[in-house]
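If you read the sequence from its start, that first residue is 1, and numbering goes on from there. Model, not experiment: these values are computed from the prediction.
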Amino acid sequence: MEERSTMPDAAVPAVPAVPPTPPVPLAALLAREDLGLRQIAGPHDPATVIHWAHTSEMADPYPYLLGGELLLTAGVHIPEAAGSGTRPGTYFDAYVSRIVEAGGAALGFGVAPVHDTVPRALVEACDQYGLPLVEVPPRTTFSGVARAVWQLMAQARHTELRRVTEAQQSLAAAAARPDPVPSVLRQLAQRVGGRAALYAPDGGEVAAAGRLPAPGAGVEVEVGSALAGLAGVVRPATGGSGGSGGPAPSSASDTVAGVHLAAYALGTGQGFVLGVAAPRRDPGDHTIASVGAVLLSLLTGEHQSSTGAARSSALVRLLLGAAPDEVAPLLDAGERWVVVHALPDGPAPDAVAASALGAALGSPLVDVAGDAVRVLVPAGRREAGAVAGALAGWTCGVSAVVGAREWGLADTQAARALSRARATRARLVRHGDRPGLAGLVPPAEAAAHARTVLAPIADNPALLDTLRTWLSLHGSWDRTAVALSVHRNTVRQRIARAATLLNTDLDDPDVRMNLWFALSHA
């Protein structure tokens with residue numbers, strides 16, 4: 001028999017907390033053949049779960065129950081006068097009603113050594129009050145039942161942690177794709193088995209994935225409207241449509257037509273909100289949705305006001321005639337730079353995808369130029385690793401490291417490197433990966449030589465670009481056509497025209513080497 005607590009009633013929490021472990025379905029415990037448990041009364045509800053097992057022989061266990069227990073008893077507390085008759089007596093009515101009032105999940109009655117059978121009056125009382133009654137055979141100890149509960153909890157916890165970990169990995173991979181926001185929403189909807197939606201600061205739906213787990217068009221409309229309304233609850237007042245009754249909560253949940261809804265505010269004061277609708281609410285769903293909210297916060301996040309002000313100031317100064325090296329310190333602390341041109345594997349990039357790539361490269365200086373994205377990145381140790389880590393879903397060309405005055409040159413280098421990467425099907429091509437003999441010639445002399453050699457075609461950019469690309473791809477007509485997005489016959493015509501104007505034989509390796517040197521310094 002357990003010791004009676006001396007804690008005053010006022011110290012007992014009104015709404016006890018459950019342990020930070022997934023509950024165990026009663027059905028899973030009954031399925032354990034080694035225990036031999038059998039439910040003999042009460043509702044057979046698959047939703048009945050157990051948070052822990054507790055043994056007590058108190059006539060009134062109410063003060064010692066926290067709720068959600070499988071209460072185990074051998075009936076030591078049952079007075080002889082209560083007997084085991086067929087009619088529920090006052091004792092069993094009071095005993096079972098107190099367990100139900102305390103929130104007990106089920107009652108386990110041990111047969112032997114005190115009672116040979118479960119009292120019939122107890123069976124009827126449990127049926128009357130809707131409390132599952134489980135018969136524990138003589139060969140099964142209460143400690144064995146408790147150990148089985150904790151084993152099932154540990155298994156459930158391990159399964160849930162693995163599910164959450166796999167979801168985190170898939171969400172992170174989705175955030176690195178060229179279309180990060182739709183990819184994250186698709187993964188999130190798949191992981192919770194429902195629908196995930198991103199709401200803008202004005203309350204409009206920006207993007208969504210999955211389907212509302214609600215039968216019938218009318219119910220779907222009701223659930224969709226409720227989810228949008230829940231998003232308005234967590235949206236800050238400064239975000240657009242939020243209320244003005246004090247600070248909004250960071251998250252909120254509700255249940256409508258049997259569908260579980262949750263909304264998460266993204267970042268601080270951004271106004272974007274993640275909404276999730278699922279047919280059930282598993283223990284790890286909140287963690288998974290929170291990870292999605294964090295990733296979406298990074299993808300949709302606005303830059304700090306000081307950074308934005310510095311960028312605006314730099315743009316104004318450039319437009320008013322300031323030299324690039326004068327405005328470079330406003331953009332970043334780095335004094336040396338590289339330009340990255342990136343082409344997504346999927347559809348043409350949007351502003352969100354471009355921002356995500358810039359975040360991966362560690363730079364907010366991003367521009368969407370047609371099908372490609374251009375990023376101005378401070379050079380250094382971080383840049384080298386960042387470019388390599390941002391390749392998932394992108395083909396990249398990277399310029400040489402330059403000063404601010406050479407940004408235009410670096411942009412051209414990155415464009416050429418991207419063309420070569422496309423033609424060679426490489427994920428990354430850097431301009432001037434391998435140093436050569438060109439470093440032995442002073443830049444001024446090399447430039448003068450280039451002007452002299454290329455003078456006959458200097459006023460024809462198409463011929464210059466075609467010749468440069470053709471030479472870089474070892475005279476391959478097909479790969480040059482791919483890199484320049486033209487027909488191979490166009491490449492042949494341009495190369496023939498260049499050879500005529502230059503009055504040279506392009507099959508001669510010495511001629512090719514001389515032209516390549518000139519083009520590299522043009």
With sequence neighbours excluded, what pairs up with [X] under the salt bridge (charged side-chain N to carboxylate O under 4.0 Å, His left out) test?
| X | value |
| --- | --- |
| D367 | R374 |
| R280 | D282 |
| R38 | E135 |
| R163 | E160, D285 |

Mind checking the [atom1]-[atom2] spacing from [X] to [Y]? Nearest 0.5 Å is all I need.
| X | Y | atom1 | atom2 | answer |
| --- | --- | --- | --- | --- |
| L107 | L70 | CG | CG | 8.0 Å |
| E166 | L171 | CD | CG | 12.0 Å |
| L343 | S419 | CG | OG | 9.5 Å |
| R420 | L428 | CZ | CG | 12.5 Å |

Just jot down the side-chain hydrogen bond (donor to acceptor under 3.5 Å, both in side chains) partners of [X], sequence neighbours excluded, or say none.
| X | result |
| --- | --- |
| Y95 | H77 |
| Q151 | R32 |
| D116 | none |
| S253 | none |

message = Strictly by salt bridge (Lys or Arg N to Asp or Glu O under 4.0 Å), give each pair with a member in residues 39-56 just once, sequence neighbours left out.
response =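 For residues 39-56, and leaving out neighbouring residues, there are no salt bridge (Lys or Arg N to Asp or Glu O under 4.0 Å) pairs at all.
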
Of the non-hydrogen atoms in [X] and [Y], which two are nearest, and what is the gap between them?
| X | Y | answer |
| --- | --- | --- |
| L26 | A106 | CD2-CB, 4.3 Å |
| A414 | H341 | CB-CD2, 3.4 Å |
| I50 | M153 | O-CE, 3.6 Å |
| A252 | L230 | O-CD2, 3.6 Å |

request  = Scan V234, L295, L198 and name whichever one has a side-chain contact (heavy atoms from CB on, under 4.5 Å) with L266.
outcome  =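 Among V234, L295, L198, the one that satisfies the side-chain contact (heavy atoms from CB on, under 4.5 Å) with L266 is L198.
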
Heavy-atom side-chain proximity of L161 to H158 below 4.5 angstrom =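 Answer no - side chains too far apart.
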
Y129 side chain reached by I99 side chain, heavy atoms, under 4.5 Å =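 No. Closest side-chain heavy atoms not under 4.5 Å.
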
message = F109: which residues meet the ring pair (Phe, Tyr, Trp, His ring centres under 6.0 Å) condition with it, sequence neighbours left out?
response =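 F109 satisfies ring pair (Phe, Tyr, Trp, His ring centres under 6.0 Å) with H115 once adjacent residues are dropped.
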
request  = Please identify each residue that fulfils ring pair (Phe, Tyr, Trp, His ring centres under 6.0 Å) with H286, with sequence neighbours left out.
outcome  =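 By the ring pair (Phe, Tyr, Trp, His ring centres under 6.0 Å) rule, H286 matches Y264.
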
message = Set out, in order, the CA-CA distance, both residues' side-chain angles and the distance that settles side chain to side chain contact (heavy atoms under 4.5 Å, CB included) for T141 and R147, then state yes or no.
response = CA-CA 10 Å; T141 63; R147 182 173 62 248; 5.7 Å; no

Donor-acceptor list for residues 182-190 side chains, cut-off 3.5 Å, not counting sequence neighbours:
from : atom 1 : to   : atom 2 : distance (Å)
S183 : OG     : R177 : NE     : 3.3
S183 : OG     : D179 : O      : 2.8
S183 : OG     : D179 : OD1    : 3.0
S183 : OG     : R186 : NH2    : 3.1
R186 : NH2    : D179 : OD2    : 3.3
Q187 : OE1    : S170 : OG     : 3.1

